[in-house]
Each structure stands twice: as structure tokens, then as C-alpha cells.
K.L.:
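Pasting a structure here, questions to come.
Atoms within each ligand, like the ligands themselves, are counted from 1 in listed order.
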Amino acid sequence: MTSVYIFGGAADHADPRQKDKAVVGGKGANLAEMAAIGLPVPPGFTIATEECLRYLEDKGAFSKQLEDAVAAALAHIERTVGKRFGDPADPLLVSVRSGAKVSMPGMMDTVLNLGLNDETVEGLTAVSGDARFAWDSYRRFIQMYGDVVLGVDHGLFEEALEVAKEDNGLLADTEMGSEDWQALVGEYKRIVAEAIGRDFPQNVHEQLWGAIRAVFDSWDSERAKVYRRLNDIPRDLGTAVNVQAMVFGNMGDTSATGVAFTRDPATGERAYYGEWLVNAQGEDVVAGIRTPQYLTRAARERANAVPLSMEEAMPEAFAQLSRVFDLLERHYRDMQDIEFTVERGKLWMLQTRSGKRTAKAALKMAVDMVAEGLIDEREAICRIDPMALDQLLHPTLDPAAPRDILTTGLPASPGAASGKIVLDAETAEQWAGRGEKVILVRVETSPEDIHGMHAARGILTARGGMTSHAAVVARGMGRPCVSGASAISIRREERALTIGKRELKEGDVITIDGSAGQVMAGEVATIEPELAGDFGTLMDWADRHRRMKVRTNAETAADCRRAIGFGAEGIGLCRTEHMFFDAARISAVREMILAENEAGRAAALAKLLPEQRADFAAIFGVMGGLPVTIRLLDPPLHEFLPHGDAEFAELAAATGRSVEQLKRRAGELHEFNPMLGHRGCRLGITFPEIYAMQARAIFEAACAVEGAPPVPEIMIPLIATRREFEILRALVDRTAEEVFAQGGRRVDYLVGTMIELPRAALMAGDIAAEAEFFSFGTNDLTQTTLGVSRDDAGRFLTQYVEQGIFARDPFVSLDIEGVGQLVELAAERGRAARPGLKLGICGEHGGDPASIAFCDRIGLDYVSASPYRVPIARLAAAQSALR
Ligand code: PEP
Ligand code: MG
């Protein structure tokens with residue numbers, strides 16, 4: 001079966017595989033589709049993605065079949081344009097581009113003008129009647145091919161061009177004449193020969209296969225791998241290769257090239273948006289060698305720019321272009337991002353794809369397109385990437401808050417963030433891993449910093465512009481970024497930096513405002529994003545279509561309020577141990593943990609009871625009548641033990657016990673595997689007074705609520721057996737009766753469990769006989785099913801994902817086929833034993849769209865996610881219901 005597809009000219013475009021992005025990549029599918037609907041597309045062919053995988057599998061060998069198919073496809077191009085590849089009199093030239101199913105930075109860049117050599121350049125001169133154009137095209141080809149295929153440092157070519165201009169006293173490329181370009185070609189060929197130890201390839205077929213090879217090889221480049229990992233793109237997609245007849249935007253003043261969006265990709269406004277250049281080739285527009293011009297008159301006037309817009313300078317070609325825009329939007333029913341070339345007045349389409357957009361623009365376009373009748377509500381819901389909402393949900397700086405501005409840089413990526421300064425990516429990852437907010441501060445960033453940028457709340461660089469690595473990557477990740485803040489000087493060895501006249505060190509807190517480019521000392525107050533307008537409309541639609549409820553994981557009143565603002569319908573997990581990390585309480589908690597006996601524990605618990613009661617009262621107050629699931633204490637003990645002499649001394653002073661005594665007791669409690677140790681319900685079994693105190697605090701707070709009382713859902717963690725649950729449920733019930741008897745008021749309540757151990761999942765039927773609800777704790781369930789420590793997995797899981805052992809990090813996205821089986825089985829067994837058993841999920845997976853879809857499929861009642869992910873979960877639940 002063929003894996004090379006032709007398009008344009010007499011091609012019939014009948015094979016549906018040719019329009020399938022998985023088969024021919026996004027670019028290839030869209031070229032075929034544009035040609036099929038009659039748009040002007042230069043003829044070409046696409047080598048399917050499966051050939052890439054076969055090539056990589058075969059360690060870089062091409063099959064005879066592929067060679068034959070490419071030869072036949074090349075003949076199609078030759079027939080259509082009436083030129084032959086390598087013909088010294090009138091050569092066919094082609095472009096070569098990569099094109100995976102999804103657009104992927106890191107892949108091989110475009111090569112244009114392929115097919116030129118010392119002979120064919122003469123033919124091109126003769127046929128075009130323009131020696132300057134021919135030699136300029138040849139030097140561009142050597143430069144691009146040298147850079148992307150042969151791996152020659154592109155800086156060498158740029159330097160040579162600068163020298164040539166200087167020698168001739170010229171300012172712009174456009175002033176170079178044909179002899180100048182010809183001389184530069186000689187210089188370029190010398191540069192290549194020196195760099196690679198052989199001459200620039202003159203054989204056009206060798207050129208073509210070299211470019212195809214480079215596309216395939218780039219699929220496994222480091223940059224591509226990192227991008228795939230961060231964006232959950234599987235390796236086995238592979239990339240396609242598109243080979244297409246060249247059309248020329250650099251054939252004089254009636255030729256041009258440009259890029260355009262059918263709507264504004266930043267705001268979503270319904271206005272053409274783009275840039276173009278007269279007498280130029282594609283890369284000139286993006287490379288910034290010449291300043292591109294505006295597409296429309298309105299845009300030019302708004303910017304007060306002088307050079308004419310395309311609308312004014314080439315009205316006919318612009319009219320062709322706007323007809324194409326309309327056709328494309330109606331055909332794809334989405335905003336398109338296109339590349340075009342005008343060759344001597346005639347428009348050619350080189351690419352179209354659904355355009356990337358900010359989250360704000362995505363919302364506006366989806367809502368507008370429903371109003372325009374292009375799509376319906378369901379489609380609008382399904383169009384928005386739930387994870388993209390993240391961009392809209394982050395706070396901005398409160399304009400009224402005082403700001404101690406240290407310096408300013410470029411507003412490279414919007415949003416505000418505060419955090420501790422970290423000076424390298426490893427530190428960023430480590431500190432973030434233990435729950436700290438960090439701002440990564442670097443001279444500039446590079447792809448090796450990506451994991452640190454990911455871990456950081458924001459990124460600040462001393463160098464680099466709006467399109468620097470830091471800026472581009474941060475925008476993609478939705479992280480705030482200030483770049484090019486040149487007043488910063490970093491002394492990494494000393495873990496310190498100077499900003500202007502101020503001295504700071506690693507660990508000091510700063511705030512950055514990526515919308516204004518400001519850098520401030522300390523933490524600056526923020527305000528919550530405004531979620532009205534298009535966001536509200538879309539979320540309302542989503543709510544209408546979803547089946548599952550969405551709750552939140554929260555334990556402070558502030559987080560609860562925020563989550564309700566984001567649409568949370570209850571609390572799915574209140575981790576009570578998080579209430580104890582507070583500096584004022586930690587000492588009482590340590591006292592309780594390190595107590596020698598029950599009396600010691602009782603004394604410490606007596607201090608904690610009123611605090612806990614107040615915590616729960618606050619939460620019930622904020623949540624109104626919404627369900628609240630409170631999990632009893634589940635601390636891996638090591639997180640609470642004192643560390644270092646200072647903390648022991650402090651605790652000794654507070655408790656009146658000696659440091660030695662405390663250290664001895666801490667030594668006794670030391671565990672080799674705290675995650676598998678004395679935590680969760682095991683603590684409740686051995687120290688029942690702790691859970692009794694918590695249950696008392698919950699019931700006292702609930703009984704004190706004025707008006708309709710809440711229905712607390714009390715959750716016992718880390719249950720493995722029915723008996724554990726029975727013992728602890730009896731303790732909770734006993735405590736409830738005591739409180740009700742003392743206060744003279746009763747409240748309804750549920751007692752349920754987390755399912756976070758494989759045994760609990762297997763024994764779910766048995767446990768459900770006792771438990772009134774299940775909440776899947778998929779963090780621990782993943783840890784215990786895979787036998788992979790949550791705390792240590794980061795060190796090797798990236799490799800596991802890179803090598804395709806896991807498609808995604810199983811702590812981020814549920815391992816559906818493995819861990820998912822246990823979840824599904826427990827849900828079935830639980831419901832069989834107790835019809836109507838309430839089921840939810842509260843592991844991190846509750847905020848991950850793919851895992852949410854799974855939860856929906858197996859019929860869970862709700863997912864629970866951290867506050868900022870609540871809208872993501874609402875949208876993902878709706879998408880799942882609709883798909
Ligand atoms: C879980 O294990 O999935 C869970 C939600 O509990 P924690 O993360 O607190 O262990
Ligand atoms: Mg857990």
C-alpha cells in the first residue's frame with residue numbers, strides 16, 4: 001500500500017487517508033483538503049508518518065518501495081508544472097517541510113528552493129530573466145539546507161552576509177545585486193565545505209533525500225522530545241514530510257509572501273490579522289530581517305505605520321486572499337492560520353491550519369461562532385482545551401497594593417506571580433516539589449531549563465526579548481514571565497544577585513508582573529481574575545451538558561471561597577493534616593506525636609481541639625449547605641517530626657521536656673518507608689484519641705451552625721480491611737453520640753473511606769457493607785499499585801515517559817489500563833454491595849481531563865480538584881459527556 005500521497009494538479013484527492021492527520025500529518029492533510037476544495041495550492045506530495053517510524057525503526061534506511069513512490073510522486077509535480085527536477089535548462093524547485101499530526105516546535109524547519117545547483121541556477125536565471133532572483137534563491141537554499149540539513153552553524157552564513165554588505169557599503173539585502181549574491185554563493189559553499197568536510201551536494205536527488213532524512217531525524221531531536229513530554233504527545237505519531245513545487249514571492253514588486261490569521265489570535269476579534277512583505281520569501285517574514293507590513297489598512301492606520309498594507313498595495317491579490325479566508329472559515333468552521341505567496345500577482349496557498357490562540361481568544365471565538373451559526377454549543381464546549389483555561393484563572397496584581405519596584409523588563413508573558421528566587425532549574429524543581437512557590441531567575445533560559453520553568457510560578461530573565469526562549473516557552477505554558485530585565489546581575493556561585501542597587505539572595509521572595517514587565521520585592525497582593533463574559537457563557541453551557549459533579553480539594557476558608565467562585569459544588573477532600581502545618585500549631589502537633597503516653601497526647605490534643613473546631617466552623621460557613629468531605633488525619637509522620645537542633649530546642653521549651661527525650665522519641669518513631677508506614681487509619685487505630693478529637697471538632701462545629709445544619713462526610717484514609725473501618729467507624733459514631741447528647745442537637749453525617757490501596761479496591765464489596773461512600777485516592781493508589789514512590793518518582797519517570805513505557809506521568813494522568821482497572825472494579829463491587837454508593841475521586845487525577853473522562857465513563861458521581869482546576873474539571877466533564 002502506498003504511503004506517499006499526491007495533491008494539486010490532476011490529483012483526485014479521493015483517498016480519505018490523505019485527509020487524515022494521523023496518516024499524513026496536519027500540514028499534509030490540510031494541503032490535500034485545500035486542493036480538494038479548489039483553492040490554489042502548488043502541486044506536491046506527502047510522505048506518511050508511518051514512513052518516519054519505519055525509518056527510525058530501520059536505523060535510518062529507506063525502503064525501495066518508498067524510493068519508487070517518491071519518484072512517481074515527483075513525476076506528478078513535474079507533469080503539473082511542466083518542469084523537470086534537476087533540468088539545467090528549466091529546473092523544477094521544491095520546498096520540503098515537516099508536518100506531524102499536531103504542530104511541533106523542535107522539528108526540522110522548512111527548506112526552500114531545493115533543486116538548485118551550479119547548473120540549474122543558470123537555467124533559473126534564463127527562464128526568469130532575473131539573475132538577481134536566481135542567485136538570491138540559490139544562496140538562500142544553501143543557507144537553509146546548510147543550517148537545517150547539514151548542521152552548519154547558521155551564524156556563519158549571517159556573518160558572511162553582513163561582511164558582504166559592509167564590503168559593498170550596502171545597508172539592506174534588497175540592495176544586493178546579482179553579482180553580489182553570486183559571490184556570496186561562493187562564500188557559502190566554502191563555509192559548508194569547511195564545516196562538513198565535503199562539498200555542498202550538487203545532485204538534486206541527494207539534496208531531496210537528505211532533506212527527507214533530516215525531517216525524520218528531527219522527530220527524535222532533544223527539543224522535540226522535551227516538547228512531546230510537556231504536551232503529552234506520544235512518540236509513535238511520527239512526522240510526515242511535505243514536498244511541494246516552489247512558488248516565488250521574491251520575483252519582483254508584484255510578488256509577495258505573508259502569514260495571516262482569519263481572526264485576531266490574541267483577542268479573538270473578528271478581523272484579519274497578519275503580516276506580509278513585498279518581494280520576499282517566507283522566512284523573511286518570520287526571521288525579522290525586514291520589518292513586515294500590515295495586512296489591512298485598518299491595522300496599518302491603528303499602528304500609525306507608513307508602509308502600505310497589502311489591502312492598499314495589492315488590492316487584487318488581497319481580494320483573492322479575503323475570498324480564501326471566508327471559504328476556509330466556512331469549510332473548517334474555525335479560525336485558520338495560513339501562509340501564502342503571491343507570485344507575479346497570483347495568490348498561492350501554502351498552508352492552513354486551525355490557528356493557535358490565547359485562552360481568551362479561544363473563548364471569544366467559540367462563543368462568537370455559535371452566534372454566527374458556524375458551530376453549535378456542543379462543538380463550542382468541545383473546542384476549548386480545558387488546560388488552556390489555566391491562563392485565564394490566575395490572579396493579577398491588585399492595582400491598589402503597594403509595590404516596591406526593583407526593576408522593569410519586558411512584559412513577556414501575562415499574569416502575576418510571587419515566589420522565592422531560585423537560580424537554576426534543578427533548585428526550582430526541588431523546591432517546588434516540596435510545595436514552595438518559586439520564581440526562576442536566569443540570565444536567559446534554554447531548553448535545558450524547561451523542567452525548572454515548569455516547576456516555577458514565574459520566570460524572570462536578565463537578557464532576551466519578547467521572542468526569547470523564556471518568553472515563548474512561558475507563554476506556551478501560561479506562566480508569567482518578565483524577560484530582558486537588564487538591571488539584574490546574577491552571582492550563581494554565591495547564590496545571590498543584584499537588582500539595580502539592591503542585594504538579594506536565593507530564597508528571597510519577589511513578585512513579577514508579566515503583563516507590565518515589573519519586578520517587585522516581596523509578595524504583592526493580587527486580585528482574582530474576572531470570570532464573566534465569554535468564560536461565564538461557556539461554563540454555563542458546560543454545566544448544562546455534564547453529568548458528573550465537580551468538587552474541590554481545599555482546607556482553608558479562602559481556598560473554599562475561591563473554589564466556589566470557580567463553580568465547585570462541594571469539598572471532595574479536606575486534608576486535615578494540612579491544617580496543622582501552620583507555624584502556630586505545629587508545635588502542638590509535634591507534642592502530640594512525640595508524647596510518651598496517652599495522657600501526654602490528651603494534653604496536646606486539648607490544645608488542638610478548639611483550633612480544629614474553628615477550622616471546620618469556618619469551612620461549613622463558607623460552604624453553606626454544600627457537601628463537605630473531611631478526611632481524618634493522614635500524616636506521613638516524617639513530615640511532622642522536628643528537623644534540626646533549633647526545632648527540637650523550640651519544642652523542648654514549649655513542652656518542658658528535654659531535647660534528649662524528644663530526640664529519643666523521634667528516633668523511635670523514625671520510619672524507613674514513611675509512605676508505607678504508620679499513617680492514615682493506622683494512626684487512628686493505634687492512637688484513637690486523635691481521630692476522636694477530630695470527630696468531636698467536626699460534630700461540635702456542625703451542631704453550632706445556625707439554620708440548616710451541614711451533612712459532614714467523614715472520610716477514613718488508607719483503609720485496607722473492613723475491620724479497620726469497622727473499628728474507626730464505631731469510634732466516630734460513639735463520638736457523635738457524645739456530642740449530640742452534650743449539645744442536645746443532632747446532625748446527619750456519613751462515614752466513608754478512601755480507596756487508595758489495592759487491597760481496599762479488591763475488597764471493595766466487603767468494605768462497602770460498612771462504608772457509606774468511596775473516594776478514590778488515586779495518588780496513593782498509583783503509588784501502591786505501581787510500587788513507585790510518589791516522592792521519588794520524578795527522578796526516573798521522565799525517562800519512562802520518553803521511552804514510551806508510560807504515555808504520560810501516571811501521577812499526573814491516571815494509568816487507566818492498570819490503576820484504572822482497580823478503580824473500575826472497586827466501583828462495581830462497591831455498588832453491587834451497596835446500591836447507590838456515592839463515588840468520587842480526589843487524587844490529583846481529578847483535575848486531569850483524560851482521567852476525568854475515564855471517571856465519567858465508569859460512572860463516578862463527582863471528581864474533586866484543587867480550586868484553580870475546578871473550571872478545567874467542569875469543562876472536561878462536559879466534553880466527556882458530549883463525546
Ligand atoms: C490520594 O492518595 O490520592 C489522596 C488524595 O490523598 P493524599 O494525596 O493526601 O495522600
Ligand atoms: Mg492518599
K.L.:
Would you please test Arg679 and Asp780 for salt bridge (Lys or Arg N to Asp or Glu O under 4.0 Å) and show each step?
P.N.:
CA-CA 12 Å; Arg679 59 176 283 220; Asp780 276 309; 2.8 Å; yes
K.L.:
Using a strict 4.0 Å cut-off to heavy atoms of Arg790, name the atoms of ligand 1 that fall inside it.
P.N.:
2 (O), 7 (P), 8 (O), 10 (O)
K.L.:
Whether Arg808 and Asp848 form a salt bridge (side-chain N of Lys/Arg under 4.0 Å from carboxylate O of Asp/Glu) is what I want to check.
P.N.:
yes
K.L.:
In the structure I gave you, are the side-chain heavy atoms of Arg601 and Asn597 within less than 4.5 Å of one another anywhere?
P.N.:
no
K.L.:
Quick one: give me the number of protein N/O/S atoms under 2.8 Å from the Mg ion (ligand 2).
P.N.:
2
K.L.:
Give me the one residue out of Lys838, Arg831, Lys549 that meets salt bridge (Lys or Arg N to Asp or Glu O under 4.0 Å) with Asp861.
P.N.:
Arg831
K.L.:
Quick check: Arg575 and ligand 1, any N/O pair under 3.5 Å apart?
P.N.:
yes
K.L.:
Report, in ascending order of atom number, the atoms of ligand 1 lying under 4.0 Å from any heavy atom of Asp780.
P.N.:
1 (C), 2 (O), 3 (O), 10 (O)
K.L.:
Mark up the atoms of ligand 1 that fall under 4.0 Å of a heavy atom belonging to Cys842, in ascending order.
P.N.:
5 (C)
K.L.:
Closer than 4.0 angstrom, basic N to acidic O: yes or no for Glu611 and Lys607?
P.N.:
no
K.L.:
Give the numbers and elements of all ligand 1 atoms closer than 4.0 Å to a heavy atom of Met754.
P.N.:
4 (C), 5 (C), 6 (O)
K.L.:
What is the ring orientation for Phe620 with Phe616, classed by angle as parallel under 30°, tilted 30 to 60°, or perpendicular over 60°?
P.N.:
tilted
K.L.:
State plainly whether the residues Arg883 and Asp856 are in salt-bridge range, i.e. N to O under 4.0 Å.
P.N.:
no
K.L.:
Testing Gln612, Arg696, Glu591, Met592 for side-chain contact (heavy atoms from CB on, under 4.5 Å) with Leu605, which one passes?
P.N.:
Met592
K.L.:
Answer yes or no: is there an ion pair linking Glu726 with Arg723, defined by an N-O contact shorter than 4.0 Å?
P.N.:
yes
K.L.:
Distance under 4.0 Å to a non-hydrogen atom of Thr778: what atoms of ligand 1 satisfy this?
P.N.:
3 (O)
K.L.:
Go through ligand 1 atom by atom and flag the ones less than 4.0 Å from a non-hydrogen atom of Gly777.
P.N.:
1 (C), 2 (O), 3 (O)
K.L.:
Report the C-alpha separation of Arg575 and Glu555 in whole Å, then their side-chain angles, then the decisive distance to 0.1 Å, and conclude whether the salt bridge (Lys or Arg N to Asp or Glu O under 4.0 Å) test is met.
P.N.:
CA-CA 6 Å; Arg575 290 179 165 104; Glu555 41 276 330; 5.4 Å; no
K.L.:
Taking only Lys NZ, Arg NE, NH1 and NH2, and the carboxylate oxygens of Asp or Glu, determine whether Glu569 and Arg551 approach each other closer than 4.0 Å.
P.N.:
no
K.L.:
Return the closest protein heavy atom for atom 6 (O) of ligand 1 as residue, atom name and distance.
P.N.:
Arg631 NH1, 2.9 Å
K.L.:
What atoms in ligand 1 come closer than 4.0 Å to a heavy atom of Arg679?
P.N.:
10 (O)
K.L.:
Looking at Leu573, which atoms of ligand 1 are within less than 4.0 Å of one of its heavy atoms?
P.N.:
5 (C)
